[in-house]
2 protein chains.
Amino acid sequence: MITLAEVQAFCTVARAASTPYTLLQAVEGITAAMGFRYFALVHHIDLLNPGSTAVRLVNYPRNWVDAFEEGRLYAADPIHRASHTTTIGFAWSKVAAMISLNPRDHAVLATARSAGLGEGFTIPAHVPGEVNGSCSFAMRTGEELNAEQLPLVQLVGSFAFEAARKIARATIAPIAAAPQLTERQIECVALVAQGKTDWEIAKILGVGAETVTQHLKDARDRYGVTKRTMLAIRALFDGAISFTDILR
Amino acid sequence: MITLAEVQAFCTVARAASTPYTLLQAVEGITAAMGFRYFALVHHIDLLNPGSTAVRLVNYPRNWVDAFEEGRLYAADPIHRASHTTTIGFAWSKVAAMISLNPRDHAVLATARSAGLGEGFTIPAHVPGEVNGSCSFAMRTGEELNAEQLPLVQLVGSFAFEAARKIARATIAPIAAAPQLTERQIECVALVAQGKTDWEIAKILGVGAETVTQHLKDARDRYGVTKRTMLAIRALFDGAISFTDILR
DNA sequence: CGATCCCTCCCCAGTTCTGGGGATAACGCA
DNA sequence: TGCGTTATCCCCAGAACTGGGGAGGGATCG
């Protein structure tokens with residue numbers, strides 16, 4: 001049984017880790033200390049740039065990893081799918097109650113079992129605008145989870161993922177400084193992000209359609225982009241608008 | 001100083017709570033036990049929107065809540081914005097290092113302080129396809145956080161939010177079940193998010209422009225949207241694409 | 001006072017999207 | 001074998017966007 005003090009120590013180490021290798025060692029250590037055999041700290045795919053900035057620390061059995069990649073299971077993996085429906089960790093044995101499993105899912109789970117993966121616990125990690133991720137810990141086939149310590153396992157998973165995320169993010173070049181939009185421009189951009197046309201935005205704001213067109217023209221200029229889609233995404237990225245503004 | 005056992009007890013109670021009131025009482029109790037005075041367990045949505053059934057358990061000072069709603073600060077609240085950039089809890093004093101604060105943000109924070117809200121700690125909660133949420137705990141002005149116990153506070157926040165989410169799930173309309181796009185569709189959407197035209201995307205993918213148009217047509221259909229801007233933002237929100245795919 | 005910024009409105013030409021309607025071929029699944 | 005899904009290509013008409021140009025009024029600031 002792991003203690004809170006050990007978790008806090010791991011937290012400190014993880015937070016200070018500046019390379020994947022440092023973090024990997026820390027995760028290996030705490031995985032064993034928690035009584036687990038395997039871990040997988042991953043972003044759920046990055047189809048466009050595989051490997052580049054995506055988080056990926058795994059010590060699963062080799063034959064399972066191979067099967068996973070060969071079968072392109074990352075998008076369909078039921079554990080990953082289940083992790084997209086919750087904010088806290090869950091035991092793999094509870095997955096059937098979280099999502100509906102199709103025959104293919106059962107096949108995936110069976111393959112995992114035959115590769116030596118037993119019961120596991122997965123902590124989801126989502127940030128709007130980032131590929132979904134998760135941190136999983138697993139036993140060998142036949143061993144049982146210690147339900148008592150699962151809250152601590154969840155903490156470890158959260159800290160581990162955030163540490164990996166920070167390391168991955170550090171490798172990304174900073175984007176150009178965010179220009180300041182005027183209030184009116186922000187209102188227009190927020191409505192653009194909702195898929196409104198210039199005419200609709202004009203009605204909503206109570207001004208002429210040409211005025212809206214002009215505000216968006218100016219806003220595009222400030223960001224140095226030529227498409228309203230890019231405008232919306234840049235504004236979203238630097239916080240000029242938020243998902244909260246857009247989706248209801 | 002709260003103990004792990006107390007957190008686990010709260011976890012059990014929260015998990016079993018079936019009404020907002022039961023949960024509210026549990027949260028009130030643990031808030032005090034952790035040495036906090038205030039809590040806010042909320043979905044980040046338009047609070048004034050009538051008929052909204054989102055999570056909302058708050059005991060912040062009355063005058064702050066009023067100012068918050070009157071000024072429609074929920075969308076711009078820097079604490080909420082900061083919570084959209086991380087997977088783990090953070091102290092409010094660290095917000096300036098997480099996002100860039102504009103004059104309006106400083107005004108919001110000043111208003112909060114003058115309403116009696118001191119230092120606080122916020123645990124983000126995001127599920128793909130659902131509105132963002134968070135669980136915050138705050139002290140009175142002048143009191144200090146106990147850094148030692150923040151990991152436990154984070155656990156409490158996570159469990160509390162998930163419990164509230166479960167209670168509200170029956171009544172919350174998800175933004176829409178996140179549809180699964182095909183690989184090709186995702187590639188097209190990612191390039192759309194970069195501001196590329198159909199013709200440019202066609203060149204990049206080495207297919208005809210009509211094919212790209214068709215993929216985007218299909219993708220829009222799956223999300224039930226009519227504009228490519230909305231398509232890009234929805235795909236971004238539920239993790240089909242990410243900012244790192246888009247911005248260099 | 002002039003300079004600068006913001007909001008408002010207008011015109012125009014060309015490009016790009018969007019929503020209809022088609023079609024063919026490959027693949028896996030039942 | 002047939003059925004569904006995916007990827008590829010095609011046509012068209014109308015709506016929407018984009019990048020030029022210009023102009024007036026109000027506010028602020030030095």
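Reminder, nothing fancy here: chain letters follow the sequence lines and each chain counts from 1. Predicted model, so just to flag it, every value in this text is computed and none were measured. Side chains included, hydrogens not; waters and symmetry mates left out as well; all remaining heavy atoms used.
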* Asked: Do you know which two heavy atoms are closest between B:Gln185 and B:His215, and how far apart they sit?
  -> CG-O, 3.8 Å

* To do: Check whether any side-chain N or O of B:Glu162 sits under 3.5 Å from a backbone N or O of A:Thr87 as a donor-acceptor pair, and report yes or no.
  => yes

* **From C:dT18, C:dG22, C:dC17, nucleotide with atom closest to B:Arg220 side chain** => C:dT18

* To do: Would you classify A:Thr211 as touching base, sugar-phosphate or nothing, given that sugar-phosphate means primed atoms plus P, OP1 and OP2, and contacts are heavy atoms under 4.0 Å?
  => base

* Within residues 226-233 of chain B, residues whose heavy atoms come under 4.0 Å of DNA chain D -> none

* To do: Pull out every residue in residues 198-209 of chain A that has a heavy atom closer than 4.0 Å to any atom of DNA chain C, ordered by number, or say none.
  => A:Val207, A:Gly208

* Asked: Can we say B:Asp198 and B:Arg228 salt-bridge, meaning some charged N sits less than 4.0 Å from an Asp/Glu carboxylate O?
  -> yes

* Could you tell me whether the phosphate oxygens of C:dC5, OP1 or OP2, come under 4.0 Å of any side-chain nitrogen or oxygen in A:Thr182? => no

* To do: Considering just the side-chain nitrogens and oxygens of A:Arg222, establish if one lies under 4.0 Å of OP1 or OP2 belonging to C:dC5.
  => no

* Without swapping roles, check the side chain of B:Thr211 against the backbone of B:Val207 for a donor-acceptor pair under 3.5 Å. => no

* Structure fact -> Here the pair of heavy atoms bringing A:Gln154 nearest to B:Ser158 is NE2-CB, 3.6 Å

* **Heavy-atom pair of closest approach, residues A:Ala240 and A:Ile186** => O-CG2, 3.7 Å

* Between B:Thr86 (side chain) and B:Ser83 (backbone), is there a donor-acceptor pair under 3.5 Å? -> no

* Touch class at under 4.0 angstrom, heavy-atom based, for A:Gln185 against every strand present -> nothing

* Span of DNA chain D in contact with chain B (heavy atoms, under 4.0 Å) -> D:dT6 to D:dC10

* Asked: With no hydrogens and no angle check, is any side-chain donor or acceptor of B:Glu119 less than 3.5 Å from a backbone partner on B:Gly142?
  -> no

* To the nearest angstrom, how far is B:Leu216 atom CG from C:dT16 atom C1'? -> 12 Å

* Euclidean distance, atom CG of residue A:Leu181 to atom P of C:dC5 [Å, nearest integer] -> 15 Å

* Give the minimum heavy-atom separation between B:Ala193 and B:Ala232, together with the two atoms involved. => CB-CB, 4.0 Å

* Asked: NA contact type, B:Thr197, heavy-atom cut-off 4.0 Å: base, sugar-phosphate, or nothing?
  -> sugar-phosphate

* Do NZ/NE/NH1/NH2 and the carboxylate oxygens of A:Glu187 and A:Arg184 come within less than 4.0 Å? -> yes

* Asked: Distance only, no hydrogens: is a donor on one side chain within 3.5 Å (strictly under) of an acceptor on the other, for B:Ser136 and B:Thr122?
  -> yes

